[in-house]
Amino acid sequence: MFGRPPTAAAATTTTRLVYCWGAKLIKNSYAHPIGRTQFVRLKSAVSAVASELRRSPPYCFPGLVASDEDKDIICAHKNSGNGVGNALGQSDTCKVVEILNSLREEPCHALSFFDQLKEQGFVHNVSTYMAIIRILCYWGMDMRLDSILLGVIKSNDKHLGFKVSDLFEALIEWIEAKGPESLIRAFDALVKAYVSIGNFDEAIDTLFQTKRREKNDTAVAVFRQFKRLGLSPNDYSYCIVIKALCRKGSLEEAADIFQEMEEAGLTPNAFTYSTYIEGLCSQARSDLGYEVLKAWRDQNIPIDVFTYLVVIRGFVNESKLKEAECVLLDMDEHGVVPDAYCYGSLIRGYCKIGHILKALALHNEMAAKCIKTNCVIVGVILQCLCQMGMADEAVDQFNNFKELGIFLDEVAYNIVVNALCKLGKLEAAVRLLDEMKGKKMSLDIVHYTTLIGGYCLQGKLVDAVKLFEEKGNLV
DNA sequence: ATAGGGTTAG
């Protein structure tokens, strides 16, 4: 038995939050179910295309060239006897794009040219791939498109001159510019390629990880498109879509995904539940997230440390520290032992409002419960001390932690280097950085920036400039 | 096969 999540608006009481899957409507109206047989058929169709292409005879250039300049390149290729790859160097990708564009009226030739280059060792980049994809889309050569994208995805970034996600970016930009007409074909190919290697989520996931917020819409659109094409997502994919919907604020739609999953015969797992609750909490609805957690918990739905963590973190981010602490106690009472992440979130919350004593008390509580601290939590505490004007105390604590054998990483070191700089103890700061070097820890641009700032603060501009030059092009 | 903190400048 599983609980249906509440809709964001309707959730007023716990009882209203809880539904039984058993009480659902008949589920025969679903538009695009796909059986395992169809799935396998699709899979073999894709690999058939792939092998057909592999078997196709080597291409030669029978004077189908669009311009004189192109002819020259082809001649160079013929005369060299070394293949196109040698005639066209890696720096000639612009040229390749030009040639492909000039062959757009003869898609088969364009494709052969593209394949031939590849066979000869030419490494295509995003532009050349986009050029051939545009042509194949325009001519509706779906099978060829499938195999091109399959090749890209199978290579898994190896032997490619770019990341697969870069191509996705370009593809999406193009689709956004050109509208849904082209979307169908390009994504059709994308979907099939991923499904054929059993990596369905990767498509959505890659898209989802792209930076901009509005891309969440794209992730969801792609998901819908996948389903429209008759492909069945698995629990991983559903998880990603729930996350995407929550992030764009569509909490109700996200809740509906649970029903879709049921209709597809899939059982949500701890990841799915946590994802939805995290979604609610990330939309500043941690109160709701907590209610859902409790409702689900009452139904013996799998709730783990991570589920509690997302609620604790949600409350902390909403500056509701009392609530966050209640959740910590609550989980303990329900036999789920809080881990360092749970305590860490709470400690971060108290540090943020300058309650360093409370933070330290929690830190001690961890130790009493044998929950190991780590350099991130220590970093939060040290930084808090610094911000409260207790830089010297931070330095002392840092040394204490070090003596206790707690591993301190580059970030923790930088916090203390910064503290020393603020205290005007430049020699000590430099010594600490030397200590890092001795431990084979790597200094990055932040360390240099910190120390340069320290010198500037002392008016030692010569030292600052020297350091600035020493740091070179660190990024 | 999926999840989770902290650092410098402006």
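Within every chain, numbering begins at 1; the chains are lettered A, B, ... in the order of the sequence lines, protein sequences first and strands thereafter.
Across all strands shown, A:A412 has heavy atoms under 4.0 Å from base atoms, whether or not it also approaches the sugar-phosphate. Counting non-hydrogen atoms under 4.0 angstrom, A:V380 reaches the backbone sugars and phosphates but no base. The residue A:C421 sits apart from the nucleic acid: no heavy atom pair falls under 4.0 Å. At a threshold of 4.0 angstrom between heavy atoms, the contacts of A:K352 with the nucleic acid are absent. At the heavy-atom level, A:S274 lies under 4.0 Å from base atoms of the strands shown.
Comparing B:dG4, B:dA3, B:dT7 against the side chain of A:L309 picks out B:dG4 as the nearest. Nearest to the side chain of A:V411, among B:dT7, B:dG4, B:dA1, sits B:dT7. The side chain of A:T449 has B:dA9 as its nearest neighbour among B:dG5, B:dA9, B:dA3. Here B:dA1 is the nucleotide among B:dG5, B:dA3, B:dA1 with the atom lying nearest to any side-chain atom of A:N234. Candidate nucleotides B:dG6, B:dT7, B:dG4 were compared by shortest atom distance to the side chain of A:R348, and B:dG6 ranks first.
Regarding contacts with the backbone of B:dG5, every side-chain N or O of A:Q383 stays at 4.0 angstrom or more from both OP1 and OP2. The side chain of A:R313 contributes an N or O atom lying less than 4.0 Å from OP1 or OP2 of B:dG5. One finds no side-chain N or O of A:K471 lying less than 4.0 angstrom from the OP1 or OP2 phosphate oxygen of B:dA9.
A:Y290 carries A:K294 over the face of its six-membered ring, with the cationic atom under 6.0 Å from the centre and within 45° of the normal.
Look at CD1 on A:I415: it is 16 Å from P on B:dG5, rounded to the nearest Å.
Classification of the A:F114-A:H124 ring pair by plane angle, with boundaries at 30° and 60°, yields parallel.
Donor-acceptor pairing under 3.5 Å, judged by distance alone, is absent between the side chain of A:T450 and the base of B:dT8. Remark: the A:N269 side chain and the B:dT2 base include a donor-acceptor N/O pair separated by less than 3.5 Å.
Residues A:Y276 and A:W296 are in side-chain contact: their nearest non-hydrogen atoms beyond the backbone lie under 4.5 Å apart.
For A:K358 and A:E365, the salt-bridge test fails: no basic side-chain N is under 4.0 Å from an acidic carboxylate O. Note on A:R144 versus A:D142: no salt bridge recorded, every NZ/NE/NH1/NH2 to OD/OE distance being 4.0 Å or above.
The aromatic ring of A:F306 does not sit over the base of B:dG4, since the test of centres under 5.5 Å and planes under 30° is not met.
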